[in-house]
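Both backbone and side-chain heavy atoms feed into the values below; hydrogens, waters and symmetry mates do not. Nothing fancy with the numbering, it's 1 onward along the sequence. Numbering of ligands and ligand atoms starts at 1, following listing order.
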Amino acid sequence: MIKPDGVSRGLIGKVISRIEDKGLKIVGMKMIKLDENLAKKHYAEHKDKPFFESLISFITSAPSVAMAIEGKDAVRILRSIIGNTDPKESPIGTIRGDFGIDVGKNIVHASDSIESAKRELELFFSEEELVKYKRAGEEWIYES
Ligand code: IDP
Ligand code: MG
């Protein structure tokens, strides 16, 4: 997901390019301004953290772009494309390392496990909103 800072800074295209350039496939996408209810469900694991209220207020402050992304090892690869939670500690070459400075404005979200990906996808997409198609050149990305 491209968070409100990424959308508001005009970084949608750059973020999506990195995902596409890697060879991953976008199978669902929508611009959505999270309401408080959805934001609290999405970040439920952090409800007792000191930054929770500011996180909810930030994530509901402007639109985000939610994406469902498919590919071999997609969860692990996306986490490496986005980088560390704190952009200051994130290597150059990662989205957060290249575009961010403060942890509360780190541009993107990505699920950290298959389980959280399933849970989060269900929060943002219905079955009908996810599509199946073949990307051109997949035979030049995957060995088989
Ligand atoms: P992640 O986004 O890399 O998975 P999490 O630990 O799941 O990181 O935290 C969720 C989000 O909460 C972070 O992306 C960041 O925006 C925010 N956050 C995490 N730790 C802090 C903090 O110490 N201060 C302010 N915001 C934080
Ligand atoms: Mg997380």
Write out all pairs satisfying salt bridge (Lys or Arg N to Asp or Glu O under 4.0 Å) with one or both partners inside residues 90-112, taking only residues at least two apart or from two chains. Arg18-Asp98, Lys88-Asp102

Lys25 (side chain) donor-acceptor with Tyr133 (main chain) under 3.5 angstrom: yes

Report the part of Phe58 in contact with ligand 1, treating N, CA, C, O as backbone and CB onward as side chain, heavy atoms under 4.0 Å; options are side chain, backbone, both, neither. neither

Hey, which atoms in ligand 1 end up nearer than 4.0 Å to a heavy atom of Tyr43? 10 (C)

Could you tell me whether Arg96 approaches ligand 1 through its side chain, its backbone, both or neither, with non-hydrogen atoms closer than 4.0 Å? side chain

Under a 4.0 angstrom heavy-atom cut-off, which atoms of ligand 1 come close to Asn106? 13 (C), 14 (O), 15 (C), 16 (O)

Under 3.5 Å side-chain donor-acceptor pair for Ser57 and Ser54: no

When distances are taken from atom 22 (C) of ligand 1, the protein heavy atom at minimum range is Phe51 CD2, 3.5 Å

Who pairs with Asp86 by side-chain hydrogen bond (donor to acceptor under 3.5 Å, both in side chains), at least two apart in sequence or on another chain? none

Per-atom filter on ligand 1: closer than 4.0 angstrom to a heavy atom of Lys3 are 13 (C), 14 (O), 16 (O)

Min N/O separation His109 to ligand 1 under 3.5 Å: no

Applying a strict under-4.5 Å side-chain criterion to I, L, V, M, F, W and Y, I'd like to know whether Phe124 and Ile56 cluster together. yes

Any idea which part of Leu55 is under 4.0 Å from ligand 1, heavy-atom wise: side chain, backbone, both or neither? side chain

For Glu89 and Asn84, which heavy atoms make the closest approach, and how far apart are they? O-ND2, 2.6 Å

If you measure every N or O of Thr85 against every N or O of ligand 1, does any of those distances drop under 3.5 Å? yes

What one should report as the nearest heavy-atom pair of Ser64 and Pro4 is OG-CD, 3.3 Å

Polar side chain donor-acceptor pair, Thr60 to Glu36, under 3.5 angstrom: no

Out of His46, Lys105, Arg79, whose heavy atom is nearest to atom 4 (O) of ligand 1? Arg79

Hey, looking at atom 15 (C) of ligand 1, which of Val108, Val103, Asp102, Ile107 has the closest heavy atom? Val103

